[in-house]
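Report on the structure given below.
In this text, all values refer to a predicted model and were calculated from it rather than measured experimentally.
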Amino acid sequence: MYDFLSKKTTTYAVLYKYCVILQAKHRTTMAQHNDFGKEGELQAQQFLRDRGYIIRDCNWRFGHAELDIVTEKDGLLVVVEVKSRSTEHFEHPKDAVTPTKIRRIVAATHEYILQHDIDADVRFDVVSVIPVGGTYRIEHIEDAFLPPVN
């Protein structure tokens, strides 16, 4: 006679073990991803400082939105979205700034301006950071996007 209960229990045990392995692998991958993103933001900050930008804030949060870097230069408030990628074979980092992301950045920028009582024109830039050998290729795209018209 076939023992359905033991077969079912064995199948669940195998699936559970597989899920635990995948979750552990995902945690490691996410930790590495987060470290890579943090390093990209640090590289972008230094890149901007070297070009005369004054860093006001980093990782400023408002609701579900985050402003990666808020800077000043030449009387402008410059909000910088940092996109780090291990390669650009699939998608260039600047192409990862979606319309939804743009709306969130603009809403957060509006709140930032209100909270800090800023009276300056605003520019939205994207800095892409891609590792090449032992260094980074950094591309700064000024006026990368405009606030959407409602």
So [Y] and [X], do their side chains get closer than 4.5 Å, heavy atoms only?
| X | Y | answer |
| --- | --- | --- |
| F124 | I102 | no |
| N59 | K38 | yes |
| L67 | D57 | no |

Tell me if a side-chain donor or acceptor on [X] pairs with a main-chain N or O of [Y] at a distance below 3.5 Å.
| X | Y | result |
| --- | --- | --- |
| D125 | D143 | yes |
| R104 | T100 | no |
| K101 | E81 | no |

query: Do F47 and V129 pass the side chain to side chain contact (heavy atoms under 4.5 Å, CB included) test, and can you show the C-alpha distance, the side-chain angles, and the key distance before you say yes or no?
result: CA-CA 10 Å; F47 176 88; V129 180; over 6 Å; no
- prompt: With no hydrogens and no angle check, do the side chains of E39 and Q43 hold a donor and an acceptor under 3.5 Å apart?
  reply: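 Their side chains do contain a donor-acceptor pair, which is all the 3.5 Å distance test asks for.
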task: Identify, with sequence neighbours excluded, every residue that meets ring pair (Phe, Tyr, Trp, His ring centres under 6.0 Å) alongside H140.
output: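 Ring pair (Phe, Tyr, Trp, His ring centres under 6.0 Å) list for H140, sorted by chain: Y53.
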message: I'd like to check the salt bridge (charged side-chain N to carboxylate O under 4.0 Å, His left out) partners of E72; sequence neighbours left out, ordered by chain and number.
response: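 Result, salt bridge (charged side-chain N to carboxylate O under 4.0 Å, His left out) vs E72: R56.
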task: Go through the structure and list residues passing salt bridge (charged side-chain N to carboxylate O under 4.0 Å, His left out) with R49, not counting sequence neighbours.
output: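 Here no residue qualifies.
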How far does [atom1] of [X] sit from [atom2] of [Y], to the nearest 0.5 angstrom?
| X | Y | atom1 | atom2 | answer |
| --- | --- | --- | --- | --- |
| H116 | L77 | NE2 | CG | 10.0 Å |
| L48 | I54 | CG | CD1 | 12.0 Å |
| T71 | R123 | OG1 | CZ | 7.0 Å |
| Q46 | I138 | CD | CD1 | 9.0 Å |

Identify the heavy atoms of [X] and [Y] that sit nearest to each other, and give their distance.
| X | Y | answer |
| --- | --- | --- |
| I55 | Q45 | CD1-O, 4.2 Å |
| R137 | V132 | CB-CG2, 3.8 Å |
| A144 | V126 | CB-CG2, 3.5 Å |
| A65 | A108 | CB-CB, 3.8 Å |
| R103 | P148 | CG-CG, 3.9 Å |
| G75 | A120 | O-CB, 3.6 Å |

